[in-house]
S.K.: 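This is the structure, below, for whatever I ask next.
Note that the coordinates shown come from a computational prediction; the quantities given were computed from them, not determined experimentally. Order of the sequence lines fixes the chain letters, A, B, ..., with proteins taken first and strands second; residue numbering starts at 1 for each chain.
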Amino acid sequence: MREEVTFLFPYREEDITLVAGIDVSYDQDGFSIGVVVVLAFPSLEILEVAVEKLRPTFPYIPGFLSFREGPVIEKAFSKLCRRPQIVFFDGQGIAHPRGVGLATHMGVALGVVSIGVAKKPLVGSFLPPGEKRGDFSPVEYKGRVVGVVLRTQEAVKPVFVSPGNCIGIVEAKDWTLKVTGKYRVPEPTRLAHILSEREKR
DNA sequence: GCGACAG
DNA sequence: ATCTTGTCGC
């Protein structure tokens, strides 16, 4: 069977009711644990959680993260009953050596709109953003703006946001702020991280 | 050749 | 990512 793929461009806030966050952790036995959390928007209450545990078959190589984490993510995502409209990833989108970071690669593979929110830069140059929440500065790579360094909390180290699939830089940045609460990392990936950590016990 | 390098 | 203790602060 083949599932029908429909893209919904998140230009109108009132059309978005389901967002999701994905993260992968590793236990002591070397297994990778992938978690997908679906949240209601704008309440951000958890509606569904999908988990998958696998043995990694590819090593971690900067620039090739999706080859290591892609398999667990796909299996976990396929277990979902609901279809999130925007998916947040722990990693880069197009701010990547070849323009295809984890969020972009997976966004295309899963057929969803996606956004990459990384805690550290992979490529590009940038100036530090202002100190207030929402302040940002562009990340430039090979003469192109590929994302932004975004301050999600006042006086707290910024995060790196770049478009994953079917979304622009400004929209990716704005949606990241819309799902960010009291913490540095936006709720979708923050919760996915906590849950994947919990799965190791 | 040297340094950088998401999770 | 993971290995690891205490500590400062809301």
S.K.: Give me the one residue out of L150(A), V170(A), T152(A) that meets side chain to side chain contact (heavy atoms under 4.5 Å, CB included) with F136(A).
M.R.: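 With F136(A) as partner, L150(A), V170(A), T152(A) yield a single side chain to side chain contact (heavy atoms under 4.5 Å, CB included), made by L150(A).
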S.K.: Please work out if Y26(A) contacts a base, only the sugar-phosphate, or nothing of the nucleic acid, heavy-atom cut-off 4.0 Å.
M.R.: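 Answer is sugar-phosphate: Y26(A) comes under 4.0 Å of backbone atoms only.
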S.K.: Base, sugar-phosphate, or nothing for G116(A), non-hydrogen atoms under 4.0 angstrom?
M.R.: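 Contact class for G116(A): none.
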S.K.: Hey, does P97(A) reach any base, or is it just sugar-phosphate, or nothing, if we go heavy atoms under 4.0 Å?
M.R.: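 Contact class for P97(A): none.
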S.K.: For a quick check of understanding: with a heavy-atom distance under 4.0 Å over all strands, which category does H193(A) fall into, base, sugar-phosphate or nothing?
M.R.: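 Contact class for H193(A): sugar-phosphate only.
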S.K.: Is there any protein nitrogen or oxygen under 3.5 Å from a nitrogen or oxygen in nucleotides 7-10 of chain C, and what are the pairs?
M.R.:
none

S.K.: For F64(A), answer base if it contacts any base atom (sugar-phosphate contacts may also be present), sugar-phosphate if it contacts only those atoms, and nothing otherwise; contact means non-hydrogen atoms under 4.0 Å.
M.R.: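 Base: the residue F64(A), judged by heavy atoms under 4.0 Å, touches a nucleobase.
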S.K.: Sort out for me which residue in V113(A), V112(A), I86(A) forms a side chain to side chain contact (heavy atoms under 4.5 Å, CB included) with C166(A).
M.R.: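 Of all the options given, the one that passes is V113(A).
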S.K.: Looking at V149(A) and F160(A), what are the two nearest heavy atoms and their distance?
M.R.: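 Heavy-atom minimum between the residues: CG1-CE2, 3.7 Å.
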S.K.: Shoot me the first and last contacting nucleotide of DNA chain B against chain A, ordered 5' to 3', at under 4.0 angstrom to non-hydrogen atoms.
M.R.: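 Nucleotide range in contact with chain A: dC5(B) to dG7(B).
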S.K.: Which whole-number value in Å describes the distance from E199(A) CD to dA1(C) C1'?
M.R.: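 The distance from CD of E199(A) to C1' of dA1(C) comes to 17 Å, rounded to the nearest Å.
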S.K.: How are the rings of F64(A) and F58(A) set to each other: parallel, tilted or perpendicular (split at 30° and 60°)?
M.R.: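 It falls in the tilted class, 30° to 60°.
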S.K.: Quick one, I16(A) with K178(A), criterion side-chain contact (heavy atoms from CB on, under 4.5 Å). Give me CA distance, side-chain angles, the key distance, then yes/no.
M.R.: CA-CA 11 Å; I16(A) 303 302; K178(A) 287 174 185 174; over 6 Å; no
S.K.: Please enumerate all residues that pass side chain to side chain contact (heavy atoms under 4.5 Å, CB included) together with F31(A), with sequence neighbours excluded.
M.R.: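 Per chain and number, F31(A) pairs via side chain to side chain contact (heavy atoms under 4.5 Å, CB included) with D27(A), D29(A), K53(A), R55(A).
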S.K.: Please work out which of the three classes, parallel, tilted or perpendicular, describes the rings of F67(A) and H105(A), given edges at 30° and 60°.
M.R.: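 Taking F67(A) first and then H105(A), their aromatic rings stand perpendicular (interplane angle over 60°).
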S.K.: For G93(A) and A103(A), which heavy atoms make the closest approach, and how far apart are they?
M.R.: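 Minimum heavy-atom contact is CA-CB, 3.9 Å.
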S.K.: Across the strands shown, which category fits K182(A) at heavy-atom distances under 4.0 angstrom: base, sugar-phosphate, nothing?
M.R.: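 Touches nothing.
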